[in-house]
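Contents: one structure, followed by commentary.
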Amino acid sequence: MDANVSFSAPQTAAVKEKTKWGLGVFYSLGEVGSQLSWYMINTYLTIFYTDIVGLSATAISTIMLIARVWDAINDPMMGGIADSTKSRWGKFRPYVLFAPPFLAIFNLLTFTVFPVTGMAKVVICLVCYIGAGMAYTAVNIAYNALLNVIARDSQVRMNYTTCKAIGSAIVQMFLSAAVMPMILFFGKSDVPTAHGYFMTVLICSALMLPCFWLCGWKCKETVQISRPVNVEKKSVKESLLVLFKNKYLVVTVFAVFAGAMGSMARMSMLTYYVIYVVGNPLMIAPIFTTMTMMQFVGNFTLPWGTKTFGKKGYLLITSLIQIAGMIVMFAIPANNNLFLIIISGIIGLSMCNANCCFGMLCDCIEYGDYKYGIREEGLTYAFLSFGVKLATAITGSVTVLLLAAIGYVPNAEQTEAAKLGINAIVNLFPAAIIFISNVAVFFFYKLSPDKMAEIYAALDARQEK
């Protein structure tokens with residue numbers, strides 16, 4: 001491993017770990033690559049399946065369900081493999097360096113319309129979607145776990161998480177402004193076409209590769225935690241059982257799961273809202289761009305907000321703002337473009353809240369080491385990854401079934417009842433889910449800055465024995 005330095009604590013009276021903002025920039029490129037890969041699946045796969053491929057709501061729900069059953073096996077397996085990896089590049093960097101080409105291939109296959117019908121069409125979509133999920137798991141678990149081996153201090157990790165969030169917001173601004181125009185341009189039509197989707201995914205995948213490679217090249221694993229030589233290595237099953245005992249980890253993963261479910265439900269349905277409720281597809285780019293631009297601004301508040309209110313406190317504050325914005329958007333007239341842009345901006349500003357959870361997760365790993373003597377970063381992020389993908393599957397299944405329930409008809413003028421239903425799915429449904437996640441964090445997450453200082457002191461003392 002290159003330039004390895006062993007840290008026994010994040011900070012001491014003599015030495016305080018400093019944030020290397022250049023390293024933060026390269027770390028953020030991994031998130032840029034992740035967004036270039038997964039944005040299309042999160043935002044456009046459902047409408048691609050319904051309006052382009054022609055899959056039924058039942059078929060889409062089945063695909064999502066089978067994929068998540070497989071993820072329940074694949075994600076912890078991949079996390080365990082990453083934790084056990086030993087190479088000249090470390091244990092996480094190899095997957096950031098060498099797995100992205102496979103992810104690019106499966107992204108393209110997922111947005112390919114194959115000349116088949118009936119059950120064969122469903123099976124091919126399922127295989128491609130599972131393949132994309134597996135490749136994304138391999139890359140993303142390793143990428144997120146890198147955070148714990150490029151820094152040790154809790155606030156420094158939060159600062160690198162901020163860099164990641166800013167990178168995410170920048171690329172999402174680009175994608176929200178450019179993706180639909182690209183789809184329409186390459187499709188040579190005023191409505192999305194299969195060729196338009198494919199070419200847009202091709203460009204995103206081509207841009208994704210150098211982002212991951214630069215991240216893997218510069219983010220070297222310099223933090224090693226010394227473990228007692230007599231500690232027996234646990235199996236993946238044993239480690240998972242211990243992880244489930246970590247109550248703060250479970251609460252954080254649930255918050256990520258519920259928050260992702262609300263966010264993805266809204267983002268995947270927002271296109272439907274603009275096209276069929278607002279009635280103006282040209283507003284897609286302004287609304288998405290406004291949200292991502294304001295999210296970009298909000299991400300700059302993370303170091304101040306988490307230091308002033310704590311990670312938990314800032315998560316709760318920004319989430320309540322987000323919920324209020326969604327309720328207001330549901331209530332205002334859909335044809336009032338100015339108000340739509342303003343409320344979208346407020347919602348976007350508060351969307352920095354998801355990144356608080358990544359900082360909280362780092363603290364949960366330290367708590368797991370302190371309480372149970374286990375700190376498998378790869379397996380922990382596999383737990384998180386499964387939660388996010390489970391949220392993707394549930395929202396994909398539930399929202400498409402809700403569309404069918406409210407009487408949605410693809411590529412047609414919707415009834416007033418269907419428009420009201422789409423409005424509720426886009427705004428009230430996510431608001432309710434995010435509120436539930438906030439209740440869990442408020443009552444059950446107790447890792448305050450003072451508690452973390454106590455945990456780090458105990459870990460220091462253990463290292464000195």
Side-chain angles (χ1 to χ4, degrees), residues 40-68 121-122 125 129 176 180 183 191-192 197 257-284 286-288 291 322-337 339-340 343-344 347 390-437:
M40 289 296 296
I41 290 178
N42 274 345
T43 309
Y44 291 103
L45 186 60
T46 300
I47 199 167
F48 176 78
Y49 276 164
T50 58
D51 291 13
I52 305 297
V53 182
L55 294 180
S56 67
T58 302
I60 296 172
S61 298
T62 301
I63 288 172
M64 299 297 181
L65 175 62
I66 295 174
R68 294 300 77 84
K121 180 193 294 185
V122 177
C125 288
Y129 181 62
S176 62
M180 183 51 68
I183 292 172
V191 295
Y197 279 111
F257 162 75
M261 188 173 171
S263 176
M264 291 173 186
R266 190 169 197 278
M267 295 302 288
S268 65
M269 292 291 109
L270 191 55
T271 303
Y272 290 88
Y273 174 81
V274 179
I275 293 174
Y276 295 111
V277 180
V278 178
N280 184 4
L282 295 177
M283 284 296 294
I284 293 174
I287 287 176
F288 275 78
M291 288 176 60
Q322 188 175 17
I323 292 168
M326 292 178 189
I327 294 173
V328 171
M329 180 168 276
F330 174 80
I332 64 175
N335 59 358
N336 193 325
N337 291 342
F339 275 118
L340 287 176
I343 299 303
S344 294
I347 293 172
L390 180 63
T392 305
I394 292 176
T395 53
S397 299
V398 170
T399 52
V400 77
L401 291 172
L402 287 174
L403 280 177
I406 64 174
Y408 167 74
V409 179
N411 302 309
E413 178 67 26
Q414 307 302 315
T415 65
E416 290 303 315
K419 290 179 182 179
L420 181 63
I422 292 172
N423 193 358
I425 294 171
V426 168
N427 292 302
L428 297 186
F429 178 62
I433 297 172
I434 293 171
F435 177 77
I436 292 170
S437 73

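Everything quoted here is computed from the prediction, not taken from an experiment.
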Sub-4.5 Å side-chain heavy-atom contact between [X] and [Y]:
| X | Y | value |
| --- | --- | --- |
| Asn42 | Met267 | no |
| Ile332 | Ile343 | yes |
| Ile406 | Ile425 | yes |
| Gln322 | Arg266 | no |
| Ile63 | Ile60 | no |
| Leu403 | Ile422 | yes |

Output every pair passing salt bridge (charged side-chain N to carboxylate O under 4.0 Å, His left out) with a member in residues 395-417, not counting sequence neighbours, ordered by first then second residue.
-> Glu413-Lys419, Glu416-Lys419

Looking only at heavy atoms, which two atoms of [X] and [Y] are closest? And how far apart?
| X | Y | result |
| --- | --- | --- |
| Ala265 | Thr399 | CB-CG2, 4.0 Å |
| Ala57 | Ala404 | CB-CB, 4.4 Å |
| Ala391 | Met264 | C-SD, 4.4 Å |
| Gly262 | Pro430 | O-CB, 3.2 Å |
| Ser344 | Met291 | O-CG, 3.3 Å |
| Tyr49 | Cys125 | OH-O, 3.7 Å |

Nearest-0.5 Å distance, [atom1] of residue [X] to [atom2] of residue [Y]:
| X | Y | atom1 | atom2 | value |
| --- | --- | --- | --- | --- |
| Ile347 | Ile323 | CD1 | CD1 | 11.0 Å |
| Leu401 | Ser56 | CG | OG | 9.5 Å |
| Leu340 | Met283 | CG | CE | 6.0 Å |
| Met326 | Phe429 | CE | CZ | 11.5 Å |
| Leu65 | Thr58 | CG | OG1 | 12.0 Å |
| Ile433 | Ser263 | CD1 | OG | 10.5 Å |

Could you please spell out the steps behind the side-chain contact (heavy atoms from CB on, under 4.5 Å) verdict for Met40 and Ile183?
-> CA-CA 11 Å; Met40 289 296 296; Ile183 292 172; 4.2 Å; yes

Lys121 side chain vs Leu55 backbone, donor-acceptor pair below 3.5 Å = no

Does atom CZ of Phe435 have more than 12 heavy-atom neighbours, drawn from other residues, nucleotides or ligands, at distances under 6.0 Å?
-> no

Name the atoms and distances for all side-chain donor-acceptor pairs under 3.5 Å in residues 269-281, with sequence neighbours left out.
| unit_1 | atom_1 | unit_2 | atom_2 | d |
| --- | --- | --- | --- | --- |
| Tyr272 | OH | Thr50 | OG1 | 3.2 |
| Tyr276 | OH | Tyr408 | OH | 3.4 |
| Tyr276 | OH | Asn411 | N | 3.1 |
| Asn280 | OD1 | Leu282 | N | 3.1 |

Sequence neighbours excluded, the answer for ring pair (Phe, Tyr, Trp, His ring centres under 6.0 Å) partners of Tyr197 is Phe48

